[in-house]
Amino acid sequence: MVSVGGDPAPEQVARRLREGMARGVLSFPLTAFRDDGSLDPDGLRAHVAGRLATGPGAVFPACGTGEFFSLDEDEYRTVVSVTVQEAAGHVPVVAGTGYGWAQAARFARIAEEAGADALLVLPHYLVDAPQDGLAAQLEHLAARTRLPLIAYQRGQVAYGVEALRRIARVPGVIGLKDGHSDLDRLQRLTLAAPDGFLFFNGAATAEIQARAYAAVGVPAYSSAVHAFAPEIAGAFHTALRDDDHGTVEKLLRVFYVPFVELRDRAPGYAVSLVKAAARLRGQPVGPVRAPLTEPSPADLAGLEALLTAGLDLVGASL
């Protein structure tokens, strides 16, 4: 079946995403900026091409790691368009959108025009909301876009079972990314969802909890590490898939746990450290935009040492 306007039906997009999730990590590329803070399309293109060359299951531009919150609409169009061009149909492109549903719909229209396959609906702006309101947010947006939607629960957005059932009935809503790591709640949601509804682990540095998520039926995960060290991300994914517990635990001890400890030193480091690590590897991604800040010199030195150790573990180098 094909939806109105010739776009792939949500079922087809969901199938491609499911196949990609089984094959590799979900890649969330950085948005490249020049030193003056302006968007750098050439740097972006080089970065995205490098991520795609390592075979991710799907690519998610202009999401949290891609500093969606810092992009204006013209910049967003460029980010999604460049990613779609580089992906060239080989893997699904899921663009971020967010804020309230009215503004999210504006970004959704741009993503449609740019050729994205689906949208990741980032948590709405600022306010807490009851379960009915969380579901209504998705319903309003779904009514205003042809693109399939993946809800993202994190921060003030946390779906209960009844809200999950409600959004799963909305035409075009195909899945849920979880960033809460409440495995009791997540297990209830997976059991309440209809067959074929997609779930994936979207916790910060998702590899830390990948085994726990897999135990409740959610083996797929996003990887911020893939943005700067696809060798490490790929080695971990392969070891996890193959039940190579020794390699999984070695990578967790030597790299992932120390990286999380470093990440937790300052707000915003979940993006700032990733971007700094990409620059250490020669990627032209530039600085973060305010309100994020760059890592301190001491933390940058610690990041370089940690990255060197992690790469050495998988037979790669800085």
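This one's a predicted model, so the numbers in the text were calculated from it and none came from an experiment.
Side chain of Q156 to main chain of H124: a donor-acceptor pair is present (N/O by atom type, distance under 3.5 Å, no hydrogens or angles). Here the side chain of R144 pairs a donor or acceptor atom with the backbone of H140 at under 3.5 angstrom.
Between the side chains of S81 and R77, not a single donor N or O lies within less than 3.5 Å of an accepting N or O. Side-chain atoms of S223 and E207 form a donor-acceptor pair, as typed in the model, at a separation below 3.5 Å. Between the side chains of T78 and E75, no donor N or O sits under 3.5 Å from an acceptor N or O. When only modelled atom types and interatomic distance are considered, T31 and E67 share no side-chain donor-acceptor pair under 3.5 Å.
A salt bridge links R165 and E162; the closest N-O separation between the charged side-chain nitrogens and carboxylate oxygens is under 4.0 Å. Here E73 does not pair with R109 in a salt bridge; the nearest charged N to carboxylate O distance is not below 4.0 Å. Between D132 and R166 there is a salt bridge, since at least one side-chain N of the basic residue sits less than 4.0 Å from a carboxylate O of the acidic one. Ion pairing between a basic and an acidic side chain is recognised when a charged N comes within 4.0 Å of a carboxylate O; E11 and R16 show no such pairing.
By the 6.0 Å and 45° rule, K177 does not stack over the aromatic ring of F200.
Under a cut-off of 6.0 angstrom, the local environment of CZ in R253 is sparse, with at most 12 non-hydrogen atoms contributed by other residues, nucleotides or ligands. For CZ of R188, the number of neighbouring non-hydrogen atoms (other residues, nucleotides, ligands) closer than 6.0 Å is 12 at most. In this structure, R34 places its CZ atom where more than 12 heavy-atom neighbours from other residues, nucleotides or ligands lie under 6.0 Å away. Within a 6.0 Å sphere centred on CG of D242, other residues, nucleotides and ligands contribute more than 12 heavy atoms.
A single hydrophobic cluster is not seen to contain both V59 and V225; linkage of ILVMFWY side chains at heavy-atom distances under 4.5 Å, directly or through other members, places them apart. Using a 4.5 Å cut-off between side-chain heavy atoms of Ile, Leu, Val, Met, Phe, Trp and Tyr, with links allowed through other members, W101 and Y76 fall into different hydrophobic clusters. Residues V274 and F68 are members of separate hydrophobic clusters, defined by side-chain heavy-atom contacts under 4.5 angstrom among Ile, Leu, Val, Met, Phe, Trp and Tyr. One hydrophobic cluster, built from ILVMFWY side chains closer than 4.5 Å, cannot hold both L303 and V271; they sit in different ones.
Using cut-offs of 30° and 60° for the angle between ring planes, the F259 and F228 rings count as tilted. In this pair, F107 and Y99 present their aromatic rings tilted. The plane angle is within the 30 to 60° band.
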| request: Take Y152 and F60 through the ring pair (Phe, Tyr, Trp, His ring centres under 6.0 Å) test and state the conclusion after the steps. | output: CA-CA 13 Å; Y152 186 8; F60 289 67; 9.7 Å; no
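When each of K275, R289, R279 is paired with E294, the salt bridge (Lys or Arg N to Asp or Glu O under 4.0 Å) condition holds for R279 and for no other.
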